[in-house]
Amino acid sequence: MKAAVVHAFGAPLVIEDRPDPEPGPGQVRVRVEASGLCHTDIHAAHGDWPVRPNPPFVPGHEGVGLVEKLGEGVTHLSVGQRVAVPWLGRACGRCEHCLSGWETLCEQQVNTGYGCDGGYAEKMLAWADFAQPVPDGVSPFEAAPLTCAGVTTYKALKVAGVRPAQLVAISGIGGLGHLALQYAKIAGAQVAAIDVTDEKLELAAELGADLLIDARKDDVGKVLKAHGGAHAAIALAVNPAAFEAVNSGLRRGGKLVMVALPAHGTIQVPIFDTVLNGTSVIGSIVGTRQDLAEVFQLHAAGRTKVEYETRPLASVNDSIDEVLRGQVKARIVFDLGTGR
Ligand code: NAD
Ligand code: ZN
Ligand code: ZN
C-alpha cells in the first residue's frame, strides 16, 4: 500500500510502498477512501510543537474508509463498514478525564498521525473503540473534514457555551473556521467572520456570516466592540497576533477559546482588562467520540455544508504549500479510493 511519510521535520513527504499493516487485538484495518489535510498535519511534519512525533511517521487524522480486516476481539464493527479515524486514536478509559466525559484530556491518549501512523495512506490501523461509524448517506469526502475540523469547532462552541442571540467571532475561516461559522449559526448566534483574504471572506458571506472583518485593514477589536463586543471568540488563525486581536474585542464576561496552535505561540493577556471585564481564556482540544457522533448526525440531517477540494495523495507536498499560502478555499481532501 502507498503512504506519504515524514522522514525529517520540514523535509518534503515521501510517497512509499509499505506492507499492509496488520491489526492487533482491538484494532481494525481500514481501506482509506478519503483523508483530509488539517493544518495540524503541517505542524506535525514541521515539528512545530514542544511535543514532537517520531519520524518516520504517516500524518493524517481525518482518514475515512471501509473496515477491511478485524483484529482479535473486535465484535461491534464489521468488514465493509465505513468509519472515520480521528486525532483521538485511543484513550485509557480508566482515568479521571476518561471517566468524566473528557477523554480528550487523557494523559495516556495516542494521537492518530502523530503518536501512531495516520490517514495519508491507502490503508491504516484504528482502535475499534475509537473508530467512528459514518452514517449512511454521508460521503467519505464530507466525513473527512468533519472528523477533525468539524468535531474540534463543534466542541469549541460547546466550551464557549454559546447561546442564541450572542455575538460570536470566528477568527480564521479556513478548514476549521468554515465549519465553526456554521455551528455558531446552528447555535443561534450572530457571527462575525474574520480573515485576511477576499476568498475566505466571500466564503464566510456565502455561509451566512452576519459581519465580515478583514484583518488586513480593519481593527478587529474596535469593530467587534462597535457591535457591543463578542460573547465568545474562537481563535482558529495560525497567528498569535490574531488571538490578541479577538481577545481585545470581547465584551464583559466574554470568552476567548484558543484552538489554533501556531509554533512557539504565546500571547499577551492584559491582567487589568481581564480582571475588570471578567473575561476568560480557555483552551479547547478536538472533541470526544460523542461530539463526533453529533457532528455526523447534524451533517446527515443536512444542517452543515463541507467545502472541500480533492487531490491525489501524490500531490501532498504541493497541497501543503497551497494551505500555507492561503490558496485553499477551505479543506483539501486526498482521494485514495479511485487509484489516482
Ligand atoms: P487553515 O490554514 O485551513 O485556516 C487558517 C485560516 O486562518 C485561513 O483561512 C487563513 O487565511 C486565516 N488567517 C491567517 N491569518 C489570519 C489573521 N491574522 N486573522 C484572521 N485569519 C487569519 O487551518 P485549519 O486546518 O483550519 O487549522 C487552524 C489551526 O487549528 C491550526 O493551527 C491547527 O493545528 C489547529 N487545530 C487545532 C485543533 C485543536 O483541537 N485545538 C484541532 C485541529 C486544528
Ligand atoms: Zn486536525
Ligand atoms: Zn484516560
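Read the numbers this way: they start at 1 and go in the same order the structure lists the ligands and their atoms. Throughout, residue positions are numbered sequentially from 1 according to the sequence presented. Quick caveat, the model's predicted, so the values are computed rather than measured.
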From M258 CE over to S171 OG, what is the distance, rounded to the nearest 0.5 angstrom?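 Answer for the CE-OG pair, M258 versus S171, is 11.5 Å.
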Approximate separation, where rounding is to 0.5 Å, of N247 CG and I267 CD1: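 So the gap between those two atoms works out to 5.5 Å.
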Which heavy atom of the protein is the closest neighbour of [atom], given with residue, atom name and distance?
atom                    : answer
atom 4 (O) of ligand 1  : G174 CA, 3.4 Å
atom 16 (C) of ligand 1 : A237 CB, 3.6 Å
atom 28 (C) of ligand 1 : L236 O, 3.2 Å
atom 39 (C) of ligand 1 : T152 CG2, 3.6 Å
atom 9 (O) of ligand 1  : D195 OD2, 2.8 Å
atom 24 (P) of ligand 1 : H39 CB, 3.6 Å
atom 18 (N) of ligand 1 : N239 ND2, 3.5 Å
atom 33 (C) of ligand 1 : T40 OG1, 3.4 Å

So is [X] close enough to ligand 1, meaning a heavy atom under 4.0 angstrom away?
X    : answer
A149 : no
S284 : yes
W49  : yes

With heavy atoms of R331 as the reference, note each atom of ligand 1 found under 4.0 Å away.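 Counting atoms of ligand 1 from 1, those under 4.0 Å from R331 are 24 (P), 25 (O).
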Out of all atoms in ligand 1, which are within 4.0 Å of some heavy atom of A242? Include the element for each.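 This gives 17 (C), 18 (N), 19 (N) as the contact atoms.
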Parallel, tilted or perpendicular: which fits the ring planes of [X] and [Y], with parallel below 30° and perpendicular above 60°?
X    : Y    : result
Y154 : Y183 : perpendicular
Y114 : F57  : tilted
Y120 : F334 : perpendicular

What is the SG(C148)-the Zn ion (ligand 2)-NE2(H61) angle, to the nearest 10 degrees?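 Between SG of C148 and NE2 of H61, the angle at the Zn ion (ligand 2) is about 110°.
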Just wondering, is there an N, O or S atom on H39 that's nearer than 2.8 Å to the Zn ion (ligand 2)?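 So H39 does not bind the Zn ion (ligand 2) by this criterion.
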Between H227 and Q190, does a side chain to side chain contact (heavy atoms under 4.5 Å, CB included) hold up when you go through it step by step? CA-CA 11 Å; H227 288 80; Q190 294 281 105; over 6 Å; no
Show the numbers, then the answer: is there a side chain to side chain contact (heavy atoms under 4.5 Å, CB included) between R18 and D117? CA-CA 12 Å; R18 290 185 155 194; D117 285 337; 3.1 Å; yes
Which one of L37, L13, V5, T112 satisfies the side chain to side chain contact (heavy atoms under 4.5 Å, CB included) criterion with P59?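 For P59, the side chain to side chain contact (heavy atoms under 4.5 Å, CB included) test succeeds with only one of L37, L13, V5, T112, which is L13.
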Might you work through the side chain to side chain contact (heavy atoms under 4.5 Å, CB included) test for L236 and I170, ending with a clear yes or no? CA-CA 7 Å; L236 307 171; I170 308 291; 3.7 Å; yes
Under 2.8 Å from the Zn ion (ligand 3), is there any N, O or S atom belonging to H97?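 No, outside the cut-off.
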One pair to check against salt bridge (Lys or Arg N to Asp or Glu O under 4.0 Å): D335 and R311. What are the steps and the verdict? CA-CA 6 Å; D335 180 348; R311 298 276 191 283; over 6 Å; no
